[in-house]
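These notes are about the structure you will find just below.
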Amino acid sequence: MAILIDAPGGSRRRGRRTTLVVLALVVGGVLLAARGALSYWVDLLWFGSLGYDEVFWTTVRLEWGVGAAFAAATFAALYGAFWALGRVHRGDLPRERQLILGGQPVTISVEPVLRWVAVLLALGVAGVTGAAMMDEWPTLALWWNAPKGGAADPIFG
């Protein structure tokens, strides 16, 4: 015997609304990606017209490399912290939780849900951190290549 979670009726209208929301998100994502790709394409054409193709590609490698490195470090630190908290408090958490959906009890295991929440949260924060550092790669490059023990930089001191 099948267990009904939702009451019948109204699902067709909800399905159409969900389809429209997903379609709007996909179109918005494509437009944002196209805007970024067009920006890179115009920069590549401009650097190429001046004969500085290699400068463009070095800039892109540095920008994406810094973003990827900071995203990976942030993910490792956050997921490691979540993993350690999970190990320390494993005995404090209930094994299963029972929810009532549509008048019927549904049992959900807590540990896999928390694991997925930790992964998604760490990935989200790591993505934001990586994207922010992609914009700040020139500052990082100036700091990395600063003279050691020599004259101070006139702008950054």
Side-chain angles (χ1 to χ4, degrees), residues 5-6 11 13-101 106-148 152-153 155-157:
I5 293 178
D6 290 329
S11 63
R13 185 175 182 181
R14 195 172 328 134
R16 252 188 261 142
R17 187 178 308 145
T18 302
T19 303
L20 286 175
V21 168
V22 169
L23 183 64
L25 288 173
V26 167
V27 168
V30 167
L31 288 175
L32 284 175
R35 180 179 176 207
L38 184 62
S39 174
Y40 276 110
W41 179 252
V42 169
D43 283 349
L44 176 62
L45 290 176
W46 185 75
F47 276 95
S49 70
L50 297 175
Y52 289 108
D53 291 339
E54 194 56 38
V55 172
F56 172 78
W57 289 114
T58 301
T59 301
V60 169
R61 278 192 299 272
L62 281 172
E63 183 178 349
W64 283 89
V66 166
F70 273 88
T74 302
F75 178 80
L78 279 177
Y79 188 72
F82 290 146
W83 179 81
L85 280 172
R87 298 274 301 190
V88 169
H89 293 287
R90 179 167 282 152
D92 299 338
L93 295 173
R95 295 272 181 232
E96 296 177 336
R97 188 58 85 174
Q98 191 175 42
L99 302 174
I100 306 297
L101 295 176
V106 177
T107 303
I108 296 175
S109 182
V110 173
E111 190 173 342
V113 171
L114 287 178
R115 192 177 318 124
W116 277 104
V117 167
V119 167
L120 292 176
L121 188 62
L123 278 175
V125 172
V128 169
T129 302
M133 286 309 296
M134 282 177 69
D135 287 339
E136 295 296 327
W137 74 268
T139 305
L140 183 68
L142 286 172
W143 172 78
W144 190 269
N145 295 314
K148 309 294 186 246
D153 185 22
I155 295 174
F156 294 109

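Counting begins at 1 with the first residue of the sequence. If you're wondering where the values come from, they're calculated on a predicted model, not measured in any experiment.
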Task: Interatomic distance, Leu50 atom CG to Leu45 atom CG [nearest 0.5 angstrom] - done: 11.0 Å

Open item on the list: Main chain of Val55, side chain of Thr59: is a donor-acceptor contact present, judged purely on distance under 3.5 Å?
Closed with: yes

Task: Value rounded to 0.5 Å, distance of CD in Glu63 from CG in Leu140 - done: 12.5 Å

Task: Pairs touching residues 71-94 that satisfy ring pair (Phe, Tyr, Trp, His ring centres under 6.0 Å), sequence neighbours left out - done: Phe75-Tyr79

- [ ] Apply side chain to side chain contact (heavy atoms under 4.5 Å, CB included) to the pair Leu121 and Leu78, showing each step before the final yes or no.
- [x] CA-CA 9 Å; Leu121 188 62; Leu78 279 177; over 6 Å; no

Task: Interatomic distance, Thr18 atom OG1 to Leu23 atom CG [nearest 0.5 angstrom] - done: 12.5 Å

Open item on the list: Tell me whether Thr74 contacts the main-chain N or O of Ala71 through its side chain, where contact means a donor paired with an acceptor under 3.5 Å.
Closed with: no

- [ ] Could you label the plane-to-plane angle of the Trp64 and Tyr40 rings as parallel, tilted or perpendicular, counting under 30° as parallel and over 60° as perpendicular?
- [x] tilted

- [ ] May I ask you to check whether over 12 heavy atoms, not counting those of Arg35, lie within 6.0 Å of atom CZ?
- [x] no

Task: Atom pair CZ (Phe56) and CG (Leu44), whose distance is rounded to the nearest 0.5 Å - done: 5.0 Å

